[in-house]
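A short worksheet on the structure shown next.
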Amino acid sequence: VCDAWKSQDYNVIGIALSGRAARNLHEKADIPSYTIARLTNELATSPLSHALRACKDFRRKAQGHHVDPPDRPRIDNKTILIVDEASQLD
């Protein structure tokens, strides 16, 4: 399903409540995935915050830790959100 949307130039993003669920969605569906908290924070923060996050992620990756997708997510009229466990959301 994701491949069909991607072939039509849609931006497909996965979101989940937990970091583990977001990583699983990223690995199994091969789409950038975030926790809901991170996605809302990424969409609301300044470019300076993103630069600081990139430095922190670089350090964590060098130490062998998992690092979420580096690109800042974009949401527009060509974006499809795949929501893991949507029934758990308020």
Side-chain angles (χ1 to χ4, degrees):
V1 173
C2 292
D3 291 336
W5 286 324
K6 289 180 196 178
S7 72
Q8 298 296 314
D9 295 325
Y10 279 87
N11 176 34
V12 182
I13 298 173
I15 58 173
L17 283 174
S18 72
R20 179 175 290 181
R23 279 190 298 278
N24 286 338
L25 188 56
H26 170 68
E27 291 168 1
K28 293 184 189 297
D30 193 30
I31 57 174
S33 299
Y34 305 87
T35 63
I36 294 167
R38 170 134 187 229
L39 179 67
T40 55
N41 185 51
E42 289 286 332
L43 295 173
T45 55
S46 70
L48 177 59
S49 295
H50 292 288
L52 293 173
R53 172 72 187 226
C55 291
K56 179 180 173 186
D57 286 350
F58 178 79
R59 190 179 93 241
R60 287 183 48 79
K61 190 172 183 178
Q63 294 171 341
H65 296 284
H66 171 79
V67 177
D68 288 327
D71 296 332
R72 182 176 187 196
R74 76 177 157 80
I75 305 265
D76 59 23
N77 64 343
K78 293 285 279 186
T79 300
I80 302 290
L81 289 178
I82 305 294
V83 183
D84 183 64
E85 299 290 341
S87 63
Q88 294 182 12
L89 303 178
D90 288 336

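Atom-to-atom distance recorded for R23:CZ and T35:OG1 is 10.0 Å, nearest 0.5 angstrom. Rounding to the nearest 0.5 Å places CG of L81 at 9.0 Å from CD1 of I31. Atom OG of S33 and atom CD1 of I82 lie 9.0 Å apart (nearest 0.5 Å). For the atom pair S18 OG and L25 CG, the distance stands at 10.5 Å (nearest 0.5 Å).
Minimum heavy-atom separation, N77 to Y10: O-CE2, 4.3 Å.
Qualifying side chain to side chain contact (heavy atoms under 4.5 Å, CB included) partners for Q63, counting only residues two or more places apart in sequence or in other chains: R59, H65. Residues that satisfy the side chain to side chain contact (heavy atoms under 4.5 Å, CB included) test with D76, not counting sequence neighbours, are R74, K78, T79. Every residue meeting the side chain to side chain contact (heavy atoms under 4.5 Å, CB included) condition with D3, not counting sequence neighbours, appears here in chain and number order: K6.
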I36 and L17: side-chain contact (heavy atoms from CB on, under 4.5 Å), yes or no, with the steps?
-> CA-CA 6 Å; I36 294 167; L17 283 174; 3.9 Å; yes

